[in-house]
Amino acid sequence: MSDITDNLHAMRHSLAHIMATAIMKLWPEAKLGVGPVVENGFYYDIDLGKKKLSDEDFATIEKEMAKVIKADDKFEKSEISIDKAIDWAKQAQQPYKLELLNDLKRAGTTVAKDLDSAELGLEAKSGGKVDKVSFYTNGDFTDLCRGPHVVSTGKVGVFKLMRVSGAYWRGNEKNAQMQRIYGVAFASQKELDQHLKMLEEAKARDHRKLGQELDLFVFSELVGSGLPLFTPRGTTLRDELLGFSEELQRNNGFEKVTIPHITKRELYEKSGHWDKFGGQLFLVKSQESSDQFVLKPMNCPHHIQIYASRPRSYKELPIRYMESTMQYRDEKKGELNGLSRVRSISIDDAHVFCRLDQIEAEFATIMGMIKDMYSVLDMKFRARLSFRDDSDKYLGDPKLWEMAQETIEAVTKKLDVEYFVAEGEAAFYGPKIDIMVTDAIGREWQCATEQLDFVQPQRFGITYTDANGKDQQPVMIHKALLGSFERFLSVYIEHTAGRFPIWLAPEQVRVITINQEDTTVEYAEGFAAKARKLGLRLSIDNSNDTVGKKIRAAELMKVPYTVVIGPEEIKSGKLKPRVRKDMTVLDDSQPASVEDFLSTVAHEAKGRVHKSSF
RNA sequence: GCCGUCGUAGCUCAGUUGGUAGAGCGACUCUUUCGUAAAGAGUAGGUCACCAGUUCGAUUCUGGUCGACGGCUCCA
């Protein structure tokens, strides 16, 4: 961490203390949980008993915080023994702090793994055993804390309380529900303003809002929550994206397969998913037999069955199956959100079956496709190498894991992809590379992924015959370029703010007639026929509205090209296309012949031309 | 699933301290035939999310269900 981010971290953390100071003053009965730093600010979990905070309380708390800041009290650090700390917690009537300290005393540094140890007064001593804890005091407020803090309460930059929400004590839903008060904080007013502006921009781009306005997808209470219905426009988007993904994959030796959407539950018992995710599977009961079916939550076990349908030779590896049909996961209600979290998911999924010595090349091929994909989509990304930690939730031979993680890192380096390692983010069956895509307003999202899997080939006992006639176990690689289409669309709609490049635009050209006379309408229809011959998607607006109003309607739908047709065009055979302002290929200052215009647009669409900024 | 907020026309919203509701946009009809972001007039459209309860009477109060939003938690 640089000095600047270090200082920002200290400021945010100090603000958490200042907020706690203010709240203790306003509600002395408050019981404090923990108050860590998060991405753009800080929060503090607080148990206020029956008092429910709302947005209206923020002004009061902020005012009280301002007093603390104005006092400019020094943050004084003190170190005391655990036993004394426990006495302090009892005296201060802080049961949550007391619980932390008791755990700390009982288990040393291994305690409270579910919490960020930086927020506890936990000093990791070389021996691994904690005997002392540190406290910070500002004015008459003292809190168990490791720090770091700024020198005094006056040095904390600018902040704003944003929201309050429920949060379980120590993240466990069996524990008490506390109130999490969340604030953002920056070094300067300018940075805070920028952040607030970004949030506003994000709200304006919200894919749920744009999805409705641009007529891309809808939900129906009768169908159910988390089950989006894609309109013709939305389906065009999906199909174009899928077409591109499949084209890339086909060019790299992937073959499409087709599987049913239901399967006997035994398939997932064998794969290990039933144990791990059984609660999130939709069950389907047969009325003809005693079979218990489930809706497929994934495709890999099916693909394994295709692989396993006959003996395989080392010569035919790698075998690469792709598949993008819908999958179903019974996500928890409260987690559903627009398209970004749904219960019906389609992924541009594929599974590679290969030999150990082919892993590196396969990973490189997939990374190459990811680069192609996001270059055309005009989105920057970096790779998160999701490795295991030392917990016991992972299956398979640790040695293989280690070897695989090394290979993955080597490939990423070799292909010159920016990356970082995230321990503990691996799937239970193997390490993976997750692609973190940055959108136009700077937010990062996980989209593409490639994952190594040693576990399923073993569980299903699939083999190939090597050069010596011996059975060997292949390795599996799971991959997705876009990831879930639903999720990707949510990201991409917000990235582009609905201004899709020509190859993805559901409606590429809109033809507006200046009047409803036969000659005008016939000319427009002739124009449309020529355009459709070139594979363009367009519509004619010959409604009885003014030209201005029809232009406005096309603008609101973010149609890339709008063409007005009237006596002038019919006479000259030339068009003056109105070009959506972010488009760069066609210049709308000059009239163009019908043929030139259409071939330019068709060429742009076919070439998947994108522009450089949204 | 949990905590909190919310649900009035296709959309955005107003309103009813309990006596079954209104605007703008959109749709439809007519007039207008128009030159690059809203032409004018009229008409239709609502079991006030759903189901119970209280009440002479519920869209309004109470309870439950469903759905949405902000978080928590989870994410193959």
Side-chain angles (χ1 to χ4, degrees), chain A residues 43 45 52-55 114 162-182 203 206 208-209 212-213 215 218-227 268 271-281 296-301 327 329-338 340-342 345 347 349 395 425-430 432 434 446 449 451 453 455-456 478 480 483-484 487 510 512-517 520-521 542-557 562-569 575-579 581 588:
Chain A
Y43 68 78
D45 283 349
K52 298 280 177 236
L53 290 175
S54 69
D55 295 4
D114 51 328
M162 298 299 283
R163 63 180 85 92
V164 59
S165 67
Y168 299 109
W169 169 235
R170 303 177 87 166
N172 185 335
E173 59 185 289
K174 290 191 181 77
N175 288 341
Q177 177 100 28
M178 310 184 76
Q179 297 188 69
R180 174 165 300 177
I181 307 150
Y182 172 79
K203 207 172 165 191
D206 190 322
R208 292 165 300 197
K209 183 169 159 275
Q212 184 189 71
E213 288 171 6
D215 189 22
V218 294
F219 288 91
S220 153
E221 286 199 15
L222 276 175
V223 174
S225 60
L227 298 167
Y268 293 111
S271 71
H273 292 101
W274 181 266
D275 279 347
K276 192 109 181 144
F277 300 106
Q280 287 173 60
L281 301 189
K296 72 177 165 92
M298 56 183 10
N299 305 316
C300 26
Q327 306 168 34
R329 296 177 187 177
D330 198 359
E331 303 284 358
K332 290 183 184 176
K333 268 288 178 51
E335 292 162 357
L336 300 172
N337 180 298
S340 49
R341 197 70 182 267
V342 292
I345 310 144
I347 298 173
D349 198 12
L395 303 180
E425 290 287 338
F428 74 90
Y429 49 65
K432 53 181 182 164
D434 293 314
Q446 189 206 313
T449 184
Q451 317 182 347
D453 184 351
V455 173
Q456 289 195 63
H478 308 244
S484 143
R487 188 184 156 73
R510 180 168 298 188
I512 289 175
T513 58
I514 211 154
N515 57 38
Q516 293 176 296
E517 281 162 17
T520 316
V521 173
N542 62 355
S543 61
N544 182 17
D545 283 313
T546 58
V547 171
K549 190 164 178 176
K550 291 199 264 192
I551 293 279
R552 180 179 145 84
E555 284 285 342
L556 290 175
M557 289 305 278
T562 304
V563 172
V564 176
I565 290 196
E568 279 176 32
E569 285 73 24
L575 306 166
K576 235 168 81 188
R578 186 185 170 94
V579 182
K581 64 179 183 299
D588 62 353

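Just so we're on the same page: letters track the sequence lines, and every chain starts at 1. It should be emphasised that the depicted structure is a prediction, and the values quoted were computed from it without experimental measurement.
- The side chain of A/Val547 sits closest to B/G35 out of B/U33, B/G35, B/A37.
- Within the 4.0 angstrom heavy-atom criterion, only backbone atoms of the sugar-phosphate kind lie near A/Glu517; the bases stay farther away.
- In this model, a side-chain donor or acceptor of A/Gln280 finds a partner on the base of B/A76 within 3.5 Å.
- Of the candidates B/G67, B/U33, B/A76, B/U33 carries the atom nearest the A/Asn544 side chain, counting heavy atoms from C-beta on.
- If you measure from atom CZ of A/Arg180 to atom C1' of B/C2, you get 13 Å, rounded to the nearest angstrom.
- When distances are taken from the side chain of A/Ile514 to each of B/U73, B/A76, B/C34, the shortest belongs to B/C34.
- We find that CE of A/Met298 is positioned 9 Å from P of B/A76, with the value rounded to whole Å.
- Rounded to the nearest Å, the gap between the P atom of B/U33 and that of B/A39 is 15 Å.
- Computed from coordinates, the A/Glu331 CD to B/U73 P distance equals 16 Å when rounded to whole Å.
- Nucleotide B/A68 holds its C1' atom 9 Å from the CZ atom of A/Arg208, rounded to whole Å.
- Nucleic acid contact class of A/Val564 (heavy atoms, under 4.0 Å, all strands): base.
- A straight line from NZ of A/Lys209 to C1' of B/C69 spans 15 Å, rounded to a whole angstrom.
- Contacts of A/Gly566 with the nucleic acid, taken as non-hydrogen atoms under 4.0 Å apart, include base atoms.
- Only the C1' atoms considered, B/C74 is 34 Å distant from B/C11, to the nearest whole Å.
- Atom P of nucleotide B/U36 and atom CD of A/Glu569 are separated by 11 Å, given to the nearest angstrom.
- At the heavy-atom level, A/Ser225 lies under 4.0 Å from the strands shown only through sugar-phosphate atoms.
- Atom pair A/Leu336:CG and B/C66:C1' shows a separation of 13 Å (rounding to whole Å applied).
- In this structure, A/His478 and A/Tyr429 have parallel ring planes: the angle between them is below the 30° cut-off, well short of the 60° mark.
- Using a 4.0 Å heavy-atom criterion, one finds that A/Lys276 contacts no nucleic acid atom at all.
- Residue contacts shown for A/Tyr182 are absent, as no nucleic acid heavy atom lies under 4.0 Å away.
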Under a 4.0 Å heavy-atom criterion, the protein footprint on nucleotides 5-13 of chain B, written with B, S and -, is ------SS-
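- Atoms OH (A/Tyr429) and P (B/A76) sit 7 Å apart, rounded to a whole Å.
- Looking at heavy-atom distances under 4.0 Å, A/Gly338 makes contact with sugar-phosphate atoms alone, never a base.
- Annotation: side chain of A/Asn337 is in contact with side chain of A/Arg208 (closest heavy-atom distance under 4.5 Å).
- With both ends at atom P, the span from B/A68 to B/U54 equals 31 Å, rounded to whole Å.
- Rounded to whole Å, the P atom of B/A76 lies 49 Å from the corresponding atom of B/A37.
- Here A/Glu331 pairs with A/Arg341 under the salt bridge (charged side-chain N to carboxylate O under 4.0 Å, His left out) rule; sequence neighbours left out.
- Contact annotation: A/Arg578 reaches the phosphate of B/A37 (side-chain N/O to OP1 or OP2, under 4.0 Å).
- Put simply, A/Thr546 has a side-chain N or O that comes within less than 4.0 Å of OP1 or OP2 on B/A39.
- Stems are defined here as 3 or more consecutive Watson-Crick or G-U wobble pairs with pairing distances under 3.5 Å; those involving RNA chain B are B:1-7 with B:66-72, B:10-13 with B:22-25, B:27-31 with B:39-43, B:49-53 with B:61-65.
- In this structure, of B/U73, B/C69, B/A37, it is B/A37 that holds the atom nearest to the side chain of A/Glu555.
- Between the side chain of A/Arg341 and the base of B/C74, a donor-acceptor pair under 3.5 Å is found.
- A gap of 28 Å separates the P atoms of B/A52 and B/U16, to the nearest Å.
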